[in-house]
Amino acid sequence: MTTAAVMLGFGVAAAVGTTLRWRASTTLGPGGTLIVNVAGAFALGLLASTSGAAATIVGTAGLGALTTVSGIFPESARLGRASPVLALGYVSLTITGATAAAYVGLSLT
């Protein structure tokens with residue numbers, strides 16, 4: 001794969017991942033961010049045994065843009081204003097859910 005093709009693929013994958021995350025979080029709120037993080041962790045687990053430019057593009061650009069640690073904190077702060085317990089549950093569910101999903105993805109490869 002040429003450098004230009006990798007760069008183009010990287011840009012397209014990042015744009016798609018970012019757009020999907022934005023749509024999920026604006027449509028579903030904190031639940032959308034949770035869903036994309038868990039689904040992205042699962043997909044990254046599946047990709048862990050692959051290599052090459054396509055894996056780098058999909059894993060780093062596409063799934064890296066889809067998943068977001070930085071989105072967890074504003075969401076949890078908003079939830080924390082309503083209920084600190086709800087915010088703690090959200091963060092805990094995100095971390096344990098994403099870790100479990102990545103484990104399942106790894107197990108399937």
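Val104 and Phe42 get closest at one heavy-atom pair: CG1-CE1, 3.8 Å. Residues Tyr90 and Ile72 share a closest heavy-atom pair of CE2-O, 3.8 Å. When all heavy atoms of Ala65 and Arg21 are compared, the closest pair comes out as O-NE, 2.8 Å. In terms of heavy atoms, Ala98 sits closest to Ala41 at O-CB, 3.2 Å. Taking both residues in full, the closest heavy atoms of Gly59 and Leu63 are given as O-CB, 3.5 Å, listed atom of the first, atom of the second, then distance. Considering every non-hydrogen atom in both Thr50 and Ala55, the closest pair reads OG1-CB, 3.3 Å.
Expressed to the nearest 0.5 Å, how far CG of Leu106 lies from CG of Leu47 amounts to 10.0 Å.
Cluster membership check: Leu28 does not share its hydrophobic cluster with Val36, using side-chain heavy-atom separations under 4.5 Å among Ile, Leu, Val, Met, Phe, Trp and Tyr. Leu34 is connected to Leu79 through a chain of hydrophobic side-chain contacts under 4.5 Å among Ile, Leu, Val, Met, Phe, Trp and Tyr, so both are in one cluster.
A donor-acceptor pair is defined here as one N or O able to donate and one able to accept, closer than 3.5 Å; no such pair exists between the side chain of Ser83 and the backbone of Gly80.
Side-chain contact between Thr33 and Thr68 is present, with heavy atoms from C-beta onward closer than 4.5 Å.
With Val16 as reference, Leu20 is the one residue of Thr19, Thr18, Leu20 to meet the side-chain contact (heavy atoms from CB on, under 4.5 Å) rule. The only member of Leu93, Thr67, Ile95 that meets side-chain contact (heavy atoms from CB on, under 4.5 Å) when paired with Asn37 is Thr67.
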